[in-house]
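Each remark here refers to the structure printed beneath this line.
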Amino acid sequence: MVAQKTLTQNATYYTGALILQKILAFVYFTFLARGLGVEDLGKYSFAFSFTTIFSVFVDVGLNSVLTREVAKDRNKTQEILANVLGVKTVLSFFTYALIVALVNFMGYPELTKNLVYLTGLIMLLDTFSATFWGVLRGNQNLKYESIGIVLFQFLVVGIGMGLLVAGVGVVPQVLAVVVGSSFLFIYSFLEMRRRVRVPFKISWDKKLIKELLKISIPFALTGILARLNTQVDTIFLSKVGCATQAVCDANVGIYSVATKITLALHFIPLAFVAALFPAFSEYYATNKEKLARTFEKSMRYLMLVSTPMALGILVLAPDFVPKVFGAEYAAAVLPLQVLMVSLVFLFLTFPVGSLLNATSRQIDNTKQIAIAALINFLFNFLLVPKLTYTGGALSSLISTLVLFYLGIRISNQILDYDKKYLLKSFFLCLTAGLLMTLVLWLLLFKVNFIILIVLGAVIYFALLLLFRVLTKNDINDMLISLKLRR
């Protein structure tokens, strides 16, 4: 059994690295948006979105299987790793060829195609880096992966900012990421060799590969569907609802600002899930009552955190988007506000999905993601031609609500938790959030938005204390998690 100290250290390292990485990435993206302009930012964002979808076809869920199997029996590390690398090497050639063929078949301009070729290379480097990190994860070591994440982001930001000052254009900006991913690939390989001391080897053991793929299929399906669900709107915007390719690129650029702000907040539920999944798995086997209480607490905490973020960004967006990203991105305000409506429900899908996976309902989880992805696709097909980036945001909102509804319906069958308590908490959080929003709206454009962010946080949490939604026990839990109290 892994020591509690090791689990705590891993969570601390990884969460801290994610927070720092997200801050660096977001700050860099704001400079990138201003430096490249709407059209080139659209090309840049599309290239990464397009190739991100195909990363699942190289990995096919093998990283998750590798980590799990190594954790079970470390003596099998070399054998499993060698065959995972063998499968990924073959799939890399076919996947990259598919990327090249599709981007040419879809008739994108030469510059966009060149960007896709480069981001395809980045995708391959990253998926092999993830494999090497998977070995260390199986050995319960996230420290060096956390260091790698931060070093990678510093390297990309450093090179990218220098290129922005030089004004060299969009292709070198992607090359900066190629350099960062190449560094991460080498660093992850060397750290794996150093910490685990596994000889480098590539194998194709048909029997073992068949066993690994049989286990990985559910992970692969979930990954493919999740990627399609998050990237399909960008793909639609790159070709639909615009008279020229330049207009399409501008639409993608505007939409990427709205989605980047939303994605920057994802580390919060991701950190929750990293801590929740093993606890959910253990409590499901040993203590159903404790599982229900832990689920309630996780849902309530995410409500407490996500509600002021969603409402605060929604009301402040008309002020801070043009000031932070530039006046040419003012059109991103409406799609961002639409995405903020879904933020609370998006956060809550994380513990719900974690609960389903921990209670051996992976297939149900995959089905739900498939339904949400299909609905997202259909609404993008209907709305993007008429509403462009706002249509993409509405499609994302609808699919998120569907995913949350389907997940909570099955959760009700798994657990006997206090639904009235959660509904009351949600209502009180919403009331506090709306009162905060009213004050911010009255002061909008009159007071600097940074001051309003601080003021909004103070008002919101003061109201939570007044309404007794935030209790002394909650504060103690937070202080303990931050290691400010024993």
Side-chain angles (χ1 to χ4, degrees), residues 26 29 32-33 36-54 102-103 106 108 112 115-116 119 224-266 310 313-314 317-318 321-322 325-326 328-347 349 369-404:
F26 183 76
F29 184 80
L32 198 64
L36 293 181
V38 178
E39 287 185 29
D40 277 352
L41 182 68
K43 293 184 178 73
Y44 179 93
S45 300
F46 165 75
F48 279 101
S49 294
F50 186 76
T51 51
T52 294
I53 294 173
F54 293 91
L102 280 176
V103 78
M106 296 172 75
Y108 287 98
T112 303
L115 293 174
V116 169
T119 55
I224 291 168
L225 291 167
R227 291 292 170 86
L228 285 172
N229 195 32
T230 54
Q231 304 298 337
V232 67
D233 39 13
T234 299
I235 305 303
F236 264 95
L237 284 168
S238 71
K239 275 295 181 184
V240 179
C242 41
T244 65
Q245 187 60 51
V247 175
C248 283
D249 291 338
N251 289 344
V252 173
I254 289 168
Y255 189 63
S256 67
V257 167
T259 55
K260 189 69 176 180
I261 294 170
T262 308
L263 291 172
L265 303 173
H266 276 201
I313 293 173
L314 191 150
V321 168
F325 294 96
E328 60 185 333
Y329 293 97
V333 170
L334 182 56
L336 174 59
Q337 290 174 323
V338 173
L339 291 174
M340 285 303 103
V341 174
S342 68
L343 188 72
V344 176
F345 301 100
L346 177 65
F347 271 41
T349 60
I369 295 174
I371 293 170
L374 178 60
I375 288 173
N376 197 5
F377 182 90
L378 290 174
F379 275 95
N380 269 286
F381 179 78
L382 294 171
L383 298 178
V384 168
K386 298 176 181 178
L387 303 174
T388 61
Y389 34 78
T390 305
L394 286 168
S395 302
S396 180
L397 166 62
I398 294 166
S399 67
T400 299
L401 293 174
V402 169
L403 184 61
F404 172 74

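In what follows, residues are counted from 1 in the order of the sequence shown.
Between Glu328 and Ala33, the shortest heavy-atom contact is OE2-O, 4.3 Å. Heavy-atom minimum distance, Leu314 versus Gln337: O-NE2, 2.9 Å. Residues Gly253 and Tyr329 approach most closely at O-CE2, 3.9 Å, considering heavy atoms. Nearest heavy atoms, Gly241 versus Thr388: O-CG2, 3.4 Å. Nearest heavy atoms, Pro385 versus Asn380: CD-O, 3.6 Å. Residues Val344 and Ala310 approach most closely at CG2-CB, 4.3 Å, considering heavy atoms.
In this structure, Asn251 contributes its side chain and Leu237 its backbone to no donor-acceptor pair below 3.5 Å. Judged by distance alone, the side chain of Asn376 and the main-chain N or O of Ala372 form no donor-acceptor pair under 3.5 Å. Between the side chain of Thr119 and the backbone N or O of Ala47 there is at least one donor-acceptor pair closer than 3.5 Å. Between the side chain of Tyr389 and the backbone N or O of Val384 there is no donor-acceptor pair closer than 3.5 Å. At distances below 3.5 Å, not a single donor-acceptor pair connects side-chain atoms of Arg227 with backbone N or O atoms of Phe54. Listed for the Ser396 side chain is no donor-acceptor partner under 3.5 Å among the backbone atoms of Gly392.
To the nearest 0.5 Å, atoms OG (Ser45) and CG (Leu32) are separated by 8.0 Å. Atom CG of Leu378 sits about 11.0 Å away from atom OG of Ser399, to the nearest 0.5 Å. Interatomic distance, Tyr108 OH to Gln245 CD, rounded to the nearest 0.5 Å: 6.5 Å. In this structure, Thr390 OG1 and Leu339 CG are separated by 9.5 Å, a value rounded to the nearest 0.5 Å. Note: Leu228 CG to Ile369 CD1 = 11.0 Å, rounded to the nearest 0.5 Å. Atom CD1 of residue Ile371 and atom CD1 of residue Ile375 lie 7.0 Å apart, to the nearest 0.5 angstrom.
Proximity of Thr234 to Thr259: side-chain heavy atoms (C-beta onward) are nowhere separated by under 4.5 Å. Contact annotation: the side chain of Val38 never approaches that of Asp249 to less than 4.5 Å [non-hydrogen atoms, C-beta and beyond]. When side chains are defined from C-beta on, Phe50 counts as touching Met106, because their heavy atoms get closer than 4.5 Å. Side-chain contact check for Val257 versus Leu41: some heavy-atom pair is nearer than 4.5 Å. The shortest side-chain heavy-atom distance between Phe46 and Val116 falls under the 4.5 Å cut-off. By the 4.5 Å heavy-atom criterion applied to side chains, His266 and Leu346 are counted as neighbours. Inter-residue side-chain proximity for Ile261 and Phe325 is flagged as met; some heavy-atom pair is nearer than 4.5 Å.
Between Phe381 and Phe377, the ring planes lie parallel to each other; the angle is under 30°, not in the 30° to 60° tilted range.
Around CZ of Phe379, the count of heavy atoms belonging to other residues, nucleotides or ligands within 6.0 Å does not exceed 12.
Applying side chain to side chain contact (heavy atoms under 4.5 Å, CB included) to Ser342 and the options Leu394, Leu403, Leu401, Thr400 leaves one that passes, Thr400.
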Candidate pair Val252 and Lys43, rule side chain to side chain contact (heavy atoms under 4.5 Å, CB included), full reasoning
CA-CA 8 Å; Val252 173; Lys43 293 184 178 73; over 6 Å; no

Do Ile235 and Ile53 pass the side chain to side chain contact (heavy atoms under 4.5 Å, CB included) test, and can you show the C-alpha distance, the side-chain angles, and the key distance before you say yes or no?
CA-CA 10 Å; Ile235 305 303; Ile53 294 173; 4.0 Å; yes

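The salt bridge (Lys or Arg N to Asp or Glu O under 4.0 Å) search around Asp233 returns none, not counting sequence neighbours. Looking at residues two or more places apart in sequence or on another chain, you find a ring pair (Phe, Tyr, Trp, His ring centres under 6.0 Å) between Tyr44 and Phe48.
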